[in-house]
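Only this structure's heavy atoms are used, side chains among them; waters, hydrogens and symmetry mates stay out. Small disclaimer: the values here were computed from a predicted structure and weren't measured. Here, residue 1 is the first one in the sequence, and each next residue gets the next number.
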Amino acid sequence: MQAVVICNQKIPTLSPLFEGRTTAGCYILGKSILEHTLNQLKKEDITDVTVVISKKGGEMLTLTEKLREKFRFRIFTSDESTPKIVRRTWQGDEMLITECKGNHLCNIEKLRKIHKNLNSPLTASVKTHHQNPFELLSTPSTEFSYTGVYILSQELVASIPLETKITTMEELIELNPQSIGVSDETDSFIVKTPADLLLANKTAFSDVLLFDENAIEISQGYYNKSGKFLRGVTIIPPVFVGRNTTVGRGTVLESGTILSNNVTVGEGCYIKGSVVGEGSTIGDKASLDNALLDRGVNIMKGATIEKMSVIGAKTTIGNDTTVKSGVKVHSGKRISPSITVCEDVNLYSDGVVLFDDEGAITDFQGFINPSFCANFGSAVASALDIGASVVLSSTGKKSAVCLADALASGLCSAGVNVWRINNATKGELAFTMDKTDTDVGIEVSVDFKTSLRIFSKGGLKITQSLETAIEENLNFKLFRQTDSDNFGEIRMGDSFSNLYLDLLTKQLPSRFSGLNVKINTSDKKTAQLADRLFCERNDVNGETVTFHISQTDEGISAYSEKTGYIFREKLTLIALKFHLSQGMDIALPDTFPDVAEEISKEFSGSVVRYDTAGDAKEKSARKLAGECQNLFVNDPLFLCVKIISVMQENKLSLKKLSQDLPQFYTTKRFVAVADNGSKISHTTVKNEQENSRAVIRPVKNSKGYLIYAQSVNAETASAFCDEIEKKLKTMDN
């Protein structure tokens with residue numbers, strides 16, 4: 001008989017435990033559910049075993065590789081449904097399927113006998129009060145539940161199409177009316193919540209099948225794998241102590257306590273019915289009462305963890321701090337000393353790497369190193385399809401090239417191709433993405449700070465769903481594994497920088513007439529491009545127009561003695577009028593003033609909007625934003641060239657071009673609030689009477705909002721912003 005162990009199903013309700021693993025990676029008495037399952041199969045003389053894990057692998061790949069030496073099984077990577085996995089892993093024999101999500105398996109021997117005696121195509125293990133197997137599967141579903149263990153005949157497996165549309169084993173049972181159910185009378189159950197896991201550990205004390213008596217000291221309910229005699233420790237059995245675990249004098253270990261491998265417990269502690277994860281440390285005089293601790297948790301001196309509290313991996317609880325009953329503290333947190341934690345400490349806080357509101361990860365402390373970049377590349381690639389492409393650029397110091405090379409390795413190792421361009425501006429990156437039809441671009445920048453910034457086409461923010469997937473992959477090391485034959489390729493794309501310069505050059509006349517252009521910028525590459533574009537063309541006796549481009553390659557303004565300063569929005573409108581007059585459609589962010597639509601009424605071209613928060617539903621607008629004709633919206637140097645081109649082609653001064661624009665005023669404001677995560681999402685509000693509009697965008701740290709307000713005059717725009725701020729703060733209170 002062939003056995004297939006399904007380990008690719010994540011159970012969100014187990015959070016924050018084992019966030020980088022599936023249920024199969026949860027530990028019971030110091031061993032993972034997967035290891036307990038493989039042990040039971042071995043005792044049943046089932047040696048033909050295939051273990052199925054997610055394509056992203058993560059910590060489950062590490063765990064399975066570790067167990068592979070002991071149990072000798074095949075590893076199959078797939079995120080497909082169980083019926084499809086069954087068909088793809090079939091070796092021609094009847095199959096035992098276990099979805100590996102319970103505290104232990106049912107009575108397999110009984111299941112096999114009934115399956116053989118009744119010649120059933122599919123035999124399912126179920127939890128029910130009924131005993132007659134012929135009646136079980138015809139009983140209303142409320143009276144029984146599947147345990148995730150099935151036996152399938154050769155004929156049934158052969159009849160499943162390779163591209164089956166069946167998504168669950170329950171559907172397969174419904175399609176085979178001769179299937180039978182066998183009542184599971186053991187104490188097995190599915191682990192769905194932290195409470196289930198705590199119960200599973202306590203129940204396991206009575207299951208001698210889970211213990212290897214040759215490797216453990218068992219004495220009156222005290223199970224000791226530490227190899228040490230715990231002097232001065234009071235033990236009220238049953239208690240389990242793992243390998244290399246030390247416990248200080250005066251500590252009390254009450255019934256149901258489980259200390260995993262490599263745990264250190266200080267002196268004078270009180271631990272009752274709690275599960276302490278591998279590598280954790282409990283400080284002197286700390287107290288745990290029926291709590292669950294993941295791996296690498298550090299409980300400091302005098303801290304108290306109350307009933308059913310759950311502490312995620314690598315979390316530190318400060319001295320004399322109390323975590324109240326039922327509170328969940330997610331992975332990687334550092335809880336201050338001498339406080340009381342009454343509410344869940346959620347996923348988005350220190351200890352977890354997240355993008356900021358502009359799609360960047362910024363580092364002032366040195367955590368962005370080649371190793372981190374390789375993991376970041378794998379995280380990005382694992383969120384994309386195999387065979388996808390990414391444009392990767394580096395700017396600033398020489399170390400940026402080293403970091404970009406490491407990032408490229410991570411991308412390629414997960415099956416994604418890379419276009420490498422060195423020392424490129426954001427505009428060159430966006431242009432390369434359009435020409436290579438690439439949906440994702442990454443900029444590695446090293447100056448006074450180090451940052452990794454990720455873009456969609458046109459320099460837009462990536463979609464929210466993609467950003468979330470990358471963050472999850474990075475923080476929980478959920479990386480897709482590909483063999484070396486399926487690695488992606490690294491292709492040099494520096495020639496696209498020349499094509500970008502050529503595109504800008506073609507829009508300018510060979511000599512300027514009555515115009516002397518100057519570019520002020522602290523960005524070296526932008527300054528070099530500007531020199532090549534404007535110096536030889538300038539009319540030194542003409543009107544001097546100075547463009548100021550910020551170092552972030554985003555802000556831009558123009559200045560002349562006749563006009564004073566003209567800022568980005570009005571410069572964009574000048575270029576917009578030209579494109580609309582040519583019949584071109586242009587995509588603008590939702591925060592851009594509404595006068596763009598007013599202007600578009602005069603021309604054949606039209607304006608479409610995309611959500612600056614990264615809404616994936618606006619596919620047509622985002623696609624348009626990535627095309628070359630639209631690059632002036634997000635590329636300051638491209639906008640410079642477009643303004644100069646319009647001035648020269650129409651023989652108009654900057655003052656004349658700006659005078660024709662409608663009047664409008666905008667203001668941008670940050671409003672700090674205590675917590676906004678569950679209150680308002682990215683939204684637009686209007687005041688028709690005042691002809692005002694505002695976009696409200698929550699910042700990612702959940703501590704405030706950005707307001708982009710606009711109106712016909714400055715006073716009205718500011719007053720509208722004041723009104724929104726007042727309502728936000730009232731709602732917060």
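Judged by distance alone, with hydrogens and angles left aside, the side-chain atoms of Asn8 form a donor-acceptor pair with the main-chain N or O of Ser78 at under 3.5 Å. Side-chain atoms of Ser280 do not come within 3.5 Å of backbone N or O of Val276 as any donor-acceptor pair. No donor-acceptor pair under 3.5 Å is formed between the side chain of Gln2 and the backbone N or O of Leu96. Although no hydrogens or angles enter the test, the distance criterion places no donor-acceptor pair under 3.5 Å between the side chain of Thr257 and the main chain of Val239. With hydrogens and angles disregarded, a donor-acceptor distance shorter than 3.5 Å links the side chain of Thr64 to the backbone of Leu61. Although no hydrogens or angles enter the test, the distance criterion places no donor-acceptor pair under 3.5 Å between the side chain of Asn417 and the main chain of Gly488. Listed for the Ser309 side chain is no donor-acceptor partner under 3.5 Å among the backbone atoms of Ile305. Side-chain atoms of Asn119 never come within 3.5 Å of backbone atoms of His115 as a donor-acceptor pair (strictly under, hydrogens ignored). Formation of a donor-acceptor pair under 3.5 Å by the Asn176 side chain with backbone atoms of Ser179 is not found in this model. The backbone N or O of Cys106 lies less than 3.5 Å from no partner atom in the side chain of Glu185, so there is not a single donor-acceptor pair.
Under 4.0 Å is where a charged nitrogen must lie from a carboxylate oxygen, and between Asp48 and Arg74 at least one such pair does.
Using modelled atom types, one finds a donor on one side chain and an acceptor on the other under 3.5 Å when comparing Glu306 with Ser325. Side-chain contact, Thr147 with Ser125: a donor N or O sits under 3.5 Å from an acceptor N or O. No hydrogens or angles considered: nothing links the side chains of Tyr146 and Glu99 as a donor-acceptor pair under 3.5 Å.
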Go through Ser378 and Ser413 one step at a time and tell me if the side chain to side chain contact (heavy atoms under 4.5 Å, CB included) criterion holds. CA-CA 7 Å; Ser378 295; Ser413 68; 3.6 Å; yes
Can you check side chain to side chain contact (heavy atoms under 4.5 Å, CB included) on Thr123 and Leu152, steps first, answer last? CA-CA 7 Å; Thr123 304; Leu152 282 68; over 6 Å; no
Any chance you could lay out the side-chain hydrogen bond (donor to acceptor under 3.5 Å, both in side chains) test for Asn290 and Lys202, step after step, and finish with the verdict? CA-CA 10 Å; Asn290 286 278; Lys202 291 181 178 180; 2.4 Å; yes
Begin with the C-alpha distance, continue with both residues' side-chain angles, and end with the deciding distance and a verdict on side chain to side chain contact (heavy atoms under 4.5 Å, CB included) for Ser159 and Leu156. CA-CA 5 Å; Ser159 68; Leu156 177 59; 3.8 Å; yes
Check step by step if side chain to side chain contact (heavy atoms under 4.5 Å, CB included) holds for Ile151 and Arg112. CA-CA 8 Å; Ile151 296 180; Arg112 293 177 72 177; 3.7 Å; yes
After noting the C-alpha distance and the side-chain angles of Asn298 and Thr281, does the key distance pass the side-chain hydrogen bond (donor to acceptor under 3.5 Å, both in side chains) rule? CA-CA 5 Å; Asn298 186 15; Thr281 301; 4.7 Å; no
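Applying the side-chain contact (heavy atoms from CB on, under 4.5 Å) rule to Ala383 yields the partners Leu466, Ala469, Ile470, Asn473; only residues at least two apart in sequence or on another chain are considered. Remark: Asn375 pairs with no residue by the side-chain hydrogen bond (donor to acceptor under 3.5 Å, both in side chains) rule, at least two apart or across chains. With sequence neighbours left out, the salt bridge (charged side-chain N to carboxylate O under 4.0 Å, His left out) criterion links Glu65 to Arg68. In this structure Ser188 satisfies the side-chain contact (heavy atoms from CB on, under 4.5 Å) test together with Asn103, His104, Lys127, Asp184, Thr186, sequence neighbours excluded. For Lys70, the salt bridge (charged side-chain N to carboxylate O under 4.0 Å, His left out) partners two or more places apart in sequence, or in a different chain, are Glu35. Residues forming a salt bridge (charged side-chain N to carboxylate O under 4.0 Å, His left out) with Glu467 (at least two apart in sequence, or on another chain): Lys461, Lys700. By the side-chain hydrogen bond (donor to acceptor under 3.5 Å, both in side chains) test, Asn369 pairs with no residue at all, sequence neighbours left out. Considering only residues two or more places apart in sequence or on other chains, Glu163 meets the side-chain hydrogen bond (donor to acceptor under 3.5 Å, both in side chains) condition with Arg88. With sequence neighbours left out, Glu171 forms a side-chain contact (heavy atoms from CB on, under 4.5 Å) with Ile166, Thr167, Thr168. For Thr482, the side-chain contact (heavy atoms from CB on, under 4.5 Å) partners are Ile386, Arg480, Asn486, Phe487, not counting sequence neighbours. Residues passing the ring-ring contact (aromatic ring centres under 6.0 Å, His included) test with Phe372, sequence neighbours excluded: Phe367. Under the side-chain hydrogen bond (donor to acceptor under 3.5 Å, both in side chains) criterion, Lys84 pairs with no residue, sequence neighbours left out.
Residue Met308 holds its CE atom at 16.0 Å from NZ of Lys324, rounded to the nearest 0.5 Å. With values rounded to the nearest 0.5 angstrom, Gln91 atom CD is found 12.0 Å from Gln154 atom CD. From Leu38, atom CG reaches atom CD1 of Ile46 across 11.0 Å, with rounding to the nearest 0.5 Å. Residue Leu253 holds its CG atom at 5.5 Å from CD1 of Ile235, rounded to the nearest 0.5 Å. Between Asn201 atom CG and Ile258 atom CD1 the span is 3.5 Å, to the nearest 0.5 Å. The distance from atom CD1 of Ile97 to atom OG1 of Thr89, rounded to the nearest 0.5 Å, is 6.0 Å.
Contact annotation: the side chain of Thr77 never approaches that of Val52 to less than 4.5 Å [non-hydrogen atoms, C-beta and beyond]. Side-chain contact between Met60 and Thr22 is present, with at least one heavy-atom pair separated by less than 4.5 Å. Considering only heavy atoms from C-beta on, Leu105 comes within 4.5 Å of Leu41 through its side chain. Side chains of Leu407 and Phe376 form a contact here, defined as non-hydrogen atoms less than 4.5 Å apart. Residues Ile282 and Thr264 have side chains not in contact (no heavy-atom distance under 4.5 Å, counting atoms from C-beta outward). Between Met95 and Val4 the shortest side-chain heavy-atom distance falls below 4.5 Å. At a threshold of 4.5 Å between non-hydrogen side-chain atoms, the residues Ile368 and Cys373 count as touching. The side-chain heavy atoms of Ile28 and Ile33, taken from C-beta on, include a pair separated by under 4.5 Å.
Contact between Leu293 and Val297 at its shortest, heavy atoms only, is CD2-CG1, 3.9 Å. Of all heavy-atom pairs between Glu471 and Phe355, the closest is OE2-N, 3.1 Å.
Crowding of Gln178 atom CD: a count of heavy atoms from other residues, nucleotides or ligands under 6.0 Å not exceeding 12.
Among the candidates Val149, Val126, Leu118, Leu111, the single residue satisfying the side-chain contact (heavy atoms from CB on, under 4.5 Å) test with Val182 is Leu111.
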